[in-house]
Structures are given as C-alpha cells and as structure tokens.
*Asks:* 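Take this structure first; my questions come after.
Not measured: the values here are computed from a predicted model. Below, chain A is the first sequence line, B the second, and so on; all start at residue 1.
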Amino acid sequence: MKQQLITLISGIFFGLGLGISQMIDRERVLGFLDVTGTWDPTLLFTLGGAVGVTILTFRWVLGRSTPIFSPKFYLPTKQAIDGQLLMGSAIFGIGWGIAGYCPGPGLVALVLGIWNPFLFVISLIFGSLVYQWITTQRVNCSQKVPTPKP
Amino acid sequence: MATFYWVRALSGGILIGLSATILLLFNGRIAGVSGMVNGAIKHTPHERWRWTFILGLFIGGALYEYVLAPQPTPTSIFSPRMMIIGGFLVGFGTRMGNGCTSGHGVCGLGRLSVRSLAAVLTFILTAISTVLVTHQVLAK
C-alpha cells in the first residue's frame, strides 16, 4: 500500500514535470533536436535539471543498504555495450526524431485529448510486441537445433 | 528564448529528477517509462505497480494541462503518419535497447552507468540526424 502510494506520487511528479517543461509539446522537442536549423535549446535545461538531480541524489540513495519500503534495489544488471543496445538505441532515436515524442511525453500527451498521441502510443506498444515476438521466434528456432553432445 | 521558458524547463526537469529519486529511495525501482509500458502490458501480478505509475503520469499531465498551464499546449503540428511510424520505431528500439530517455537518460546517467551513456549518445545522435533529414533535406 505504501509502495503503491509512492509509485503514484512519483508518477504524478514525472507527468507534471513533463508538462511544465513542455516536453508534451512536439514542436518544442523537434526544435530542440533541430540543432542545425533554428535550434531551441530550452529542453537542455530539462535534461540538465533531471540528470543534475539524479546524479546528486542517486549516489546517496544507493549508498543505503536497502530502499525505505522495499527489501532491495531493483537495478539493471546488464553492463555490456553491445550491438543490441546500440542498434536498439539508434532505432529509438530515429523514432524520436520522427514522432517528436519519447515514451514518457507520448503517454502524457494522451491527456491533450487529441488522436495523434493515441496513434503514437498504440504504435509504440505494437513495435515493442513485434520486437518481443521476433526474439521469441529466434529462441524457439535455436531450441530446435539439437545441442551437440560432448 | 524567453526567461520564462528556461525557468519552466528547468523546474520541470528538477521535478522529473525528484520523481526518479523518490521511486528509487522508497521502492528501489528505476523510473524508466519504456520499462513501465513493457512491464504493464505483461499482465503478471508483480508488474501491476507499473500501471499505478502510468496512472500518476496521466494525473500529473492533466494537472498541468487543465489547472496550471498558462496556455493550452499547441496541437497544430501533429501528423498521424509520423506518429505511427515514429511510435513503432520508439517501441521496437526501446525494447531492443532496454530503455529510453528516462531509463537510460535520467536514471542511467544518475547511476553513472557507462552502458546508459552509450545508449544516450546513440539515440541523441540519431534523433538529431533524423530531424536534420526531415527538416532540412526533405523539406527543400
């Protein structure tokens, strides 16, 4: 219950932050990415502010042995910089440049009550499921190959 | 760039950073939105909390747009085709690369993760190149 309340508060802060910084304004995001055109550097302050806070606070938070309401920290375990990370990030960046939305602002923009963010979110979920489907296919195929006995 | 905008942009960013701090400090969780969406659509009971975060995103967004916003967010430059193509690539890419602007950007950089830094540099670079192509080359 306490964890649910924290999750809700965290979500509200996040949504409010995306609104106030105007990352839900697609034009502003595209202006920020348009560095060779009429560059709008405003969102640098948003990214700088957000990362500035986490760099300061995470050090202190992760210095604790456990979180306050949870038995452990759930941190990503992968550390390798591999083709999957770089290719995935590159594809995401292309999508971000086309849509003007990354996942957070795209979701929050649903509150604008227009159709376009809905198309973005539905398409995002579809893209994610397609990747998941491709990887399961690959796993199934590799399982069919008999493993050589030593 | 009016002063008003950078103050807003900075306050919004600080709120996002605080959001990620609260979630990690109390629940030990990373505030990555693509991870939230991917976990939420899995339907497993231990991933259900991610729906609560998404609900919070909507409440926060609506609170801004309908209570605090000095003027409504412009909705003039939307294009359904760009939304569909872009959304697909964002969904596919963030699932493949295990994160987006919030997971790798805000939280990964906060943890001083080199893997996340590589991801951030990659997606910033391809996003800028994409806008260069769509705004400068294709528009002419």
*Asks:* What's the spacing between I98(A) CD1 and T134(B) OG1 if we round to 0.5 Å?
*Replies:* 7.5 Å
*Asks:* Could you check I54(B), L55(B), T52(B) and say which one makes a side chain to side chain contact (heavy atoms under 4.5 Å, CB included) with T7(A)?
*Replies:* T52(B)
*Asks:* To the nearest 0.5 Å, how far apart are CG in N98(B) and CZ in F92(A)?
*Replies:*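 If I round to the nearest 0.5 Å, the distance is 13.0 Å.
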*Asks:* Sort L110(A) into side chain, backbone, both or neither according to what part of it lies under 4.5 angstrom from a heavy atom of chain B.
*Replies:*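 Interface part for L110(A): side chain.
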*Asks:* Side-chain contact, heavy-atom cut-off 4.5 Å: R95(B) with V130(A)?
*Replies:*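 They are not in side-chain contact.
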*Asks:* Given the rule in the side-chain contact (heavy atoms from CB on, under 4.5 Å) test, do R8(B) and T42(A) qualify, once you have shown the distances and angles that lead to the verdict?
*Replies:* CA-CA 9 Å; R8(B) 269 175 64 166; T42(A) 317; over 6 Å; no
*Asks:* Taking R115(B) for its side chain and I81(A) for its backbone only, find out whether a donor-acceptor pair lies under 3.5 Å.
*Replies:*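 No, R115(B) side chain to I81(A) backbone: no donor-acceptor pair under 3.5 Å.
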*Asks:* Measure distances from M87(A) to the heavy atoms of chain B and classify the residue's part below 4.5 Å as side chain, backbone, both or neither.
*Replies:* both
*Asks:* Is there a ring-ring contact (aromatic ring centres under 6.0 Å, His included) between F53(B) and F14(A)? Walk through the geometry before answering.
*Replies:* CA-CA 9 Å; F53(B) 186 89; F14(A) 207 107; 5.8 Å; yes
*Asks:* Search all heavy atoms of I30(B) against all heavy atoms of P76(A) and return the closest pair with its distance.
*Replies:*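 Nearest pair, atom of I30(B) first, then P76(A): CG1-CD, 4.0 Å.
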*Asks:* Can you see whether F58(A) has R111(B) sitting over its ring - NZ or CZ less than 6.0 Å from the centre and within 45° of the normal?
*Replies:*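 Verdict for F58(A): no cation-pi partner in R111(B).
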*Asks:* Can you tell me how far the CG atom of N116(A) sits from the CD1 atom of I84(B), to the nearest 0.5 Å?
*Replies:*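 That separation rounds to 8.5 Å.
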*Asks:* Measure from the side-chain N and O atoms of T126(B) to the backbone N and O of A90(A), and report whether any donor-acceptor pair falls under 3.5 Å.
*Replies:*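 Yes, because the side chain of T126(B) sits within donor-acceptor range (under 3.5 Å) of the backbone of A90(A).
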*Asks:* Tell me, side chain or backbone of L129(A) under 4.5 Å from chain B's heavy atoms, or both, or neither?
*Replies:* side chain
*Asks:* Decide side-chain hydrogen bond (donor to acceptor under 3.5 Å, both in side chains) for T122(B) and S89(A); before the verdict, give the C-alpha distance in whole Å, the side-chain angles of both, and the deciding distance to 0.1 Å.
*Replies:* CA-CA 6 Å; T122(B) 308; S89(A) 298; 5.3 Å; no
*Asks:* Is L68(B) in contact with chain A via its backbone, its side chain, both, or neither, using a 4.5 Å heavy-atom distance?
*Replies:*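 L68(B) touches chain A through side-chain heavy atoms alone.
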*Asks:* Looking at side-chain heavy atoms only, is the closest gap between I16(B) and F13(A) below 4.5 Å?
*Replies:*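 A side-chain contact is absent here, since even the closest heavy-atom pair is not under 4.5 Å.
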*Asks:* Chain A heavy atoms under 4.5 Å from S113(B): which part of the residue, side chain, backbone, both or neither?
*Replies:* neither
*Asks:* Could you tell me if the side chain of W49(B) sits less than 4.5 Å from the side chain of Q4(A), heavy atoms only?
*Replies:* yes
*Asks:* Quick one: does T46(A)'s side chain have a donor or acceptor within less than 3.5 Å of a partner on A9(B)'s backbone?
*Replies:* yes
*Asks:* Out of R59(A), K78(A), K72(A), which one racks up the most heavy-atom pairs below 4.5 Å with chain B?
*Replies:*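 The candidate making the most pairs under 4.5 Å is K78(A).
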*Asks:* Let's test your reading of the structure: which of I134(A), L47(A), L62(A), L44(A) forms the most heavy-atom pairs below 4.5 Å with chain B?
*Replies:* L62(A)
*Asks:* Within a radius of less than 6.0 Å around CZ of F126(A), do more than 12 heavy atoms belonging to other residues, nucleotides or ligands occur?
*Replies:* no
*Asks:* Quick one: are L107(A) and V33(B) in side-chain contact, heavy atoms under 4.5 Å?
*Replies:* yes
*Asks:* Under a 4.5 Å heavy-atom cut-off, does chain B meet the side chain of Q79(A), its backbone, both or neither?
*Replies:*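 For Q79(A), the contact with chain B is made by the backbone alone.
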*Asks:* Would N38(B) and S128(A) count as having a side-chain donor-acceptor pair, cut-off 3.5 Å?
*Replies:*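 Short answer, yes.
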*Asks:* Within the distance-only criterion (no hydrogens, no angle test), does the side chain of Y101(A) pair as donor or acceptor with the backbone N or O of M83(B) below 3.5 angstrom?
*Replies:* no
*Asks:* Are any side-chain N or O atoms of E27(A) and backbone N or O atoms of P74(B), one a donor and one an acceptor, separated by less than 3.5 Å?
*Replies:*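 No, because the side chain of E27(A) does not come within donor-acceptor range (under 3.5 Å) of the backbone of P74(B).
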*Asks:* Is the backbone of V106(B) close enough, under 3.5 Å, to the side chain of T54(A) for a donor and an acceptor to pair up by distance?
*Replies:* yes
*Asks:* Could you report the tightest heavy-atom contact between A119(B) and L85(A), atom names first, then the distance?
*Replies:* CB-CD1, 4.0 Å
*Asks:* Tell me, for I14(B) versus chain A, whether the close heavy atoms (under 4.5 Å) come from the side chain, the backbone, both or neither.
*Replies:* both
*Asks:* At what distance, to the nearest 0.5 angstrom, does CG of L57(B) lie from CD1 of I12(A)?
*Replies:* 9.5 Å
*Asks:* By a 4.5 Å heavy-atom criterion (distance strictly below it), what part of R64(A) contacts chain B: side chain, backbone, both, or neither?
*Replies:*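 For R64(A), the side chain is the part near chain B, not the backbone.
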*Asks:* Does the side chain of R26(A) come within less than 4.5 Å of F78(B)'s, by heavy atoms?
*Replies:*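 Touching, per the 4.5 Å side-chain cut-off.
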*Asks:* By a 4.5 Å heavy-atom criterion (distance strictly below it), what part of V120(B) contacts chain A: side chain, backbone, both, or neither?
*Replies:* neither
*Asks:* Kindly determine whether L24(B) and L75(A) satisfy side-chain contact (heavy atoms from CB on, under 4.5 Å), including the steps that lead there.
*Replies:* CA-CA 9 Å; L24(B) 189 68; L75(A) 299 175; 4.0 Å; yes
*Asks:* As an exercise, state the distance from CG of L119(A) to CD1 of I85(B), rounded to the nearest 0.5 Å.
*Replies:* 11.5 Å
*Asks:* Quick one: does L89(B)'s side chain get under 4.5 Å of W96(A)'s, heavy atoms only?
*Replies:* no
*Asks:* Tell me, side chain or backbone of I122(A) under 4.5 Å from chain B's heavy atoms, or both, or neither?
*Replies:* neither
*Asks:* I24(A) versus chain B, heavy atoms under 4.5 Å apart: side chain, backbone, both or neither?
*Replies:*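 Contact with chain B is through both the backbone and side chain of I24(A).
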*Asks:* Kindly give the heavy-atom pair with the smallest separation between N27(B) and Q3(A), and that separation in Å.
*Replies:* ND2-O, 3.0 Å
*Asks:* With rounding to the nearest 0.5 angstrom, report the CG to CG distance, L125(B) to L33(A).
*Replies:* 11.0 Å
*Asks:* Is W60(A) in contact with chain B via its backbone, its side chain, both, or neither, using a 4.5 Å heavy-atom distance?
*Replies:* side chain
*Asks:* With a 4.5 Å limit on heavy-atom distance, are the side chains of F120(A) and V90(B) in contact?
*Replies:* yes
*Asks:* L132(B) vs D34(A), test: side-chain contact (heavy atoms from CB on, under 4.5 Å). Steps then yes/no.
*Replies:* CA-CA 6 Å; L132(B) 171 72; D34(A) 195 10; 5.8 Å; no
*Asks:* Tell me, side chain or backbone of T130(B) under 4.5 Å from chain A's heavy atoms, or both, or neither?
*Replies:*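 Answer is side chain: those atoms of T130(B) sit under 4.5 Å from chain A.
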*Asks:* Does the cation-pi check pass for R29(B) over F73(A), that is, NZ or CZ under 6.0 Å from the six-membered ring centre and within 45° of its axis?
*Replies:* no
*Asks:* For P103(A) and C100(B), work out which heavy atoms get closest and say how close.
*Replies:*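 Heavy atoms only, the tightest pair is CD-CB, 3.7 Å.
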*Asks:* Over 60° means perpendicular and under 30° means parallel, so classify the ring planes of F26(B) and F69(A), tilted if in between.
*Replies:*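 The arrangement is tilted - the two ring planes meet at 30° to 60°.
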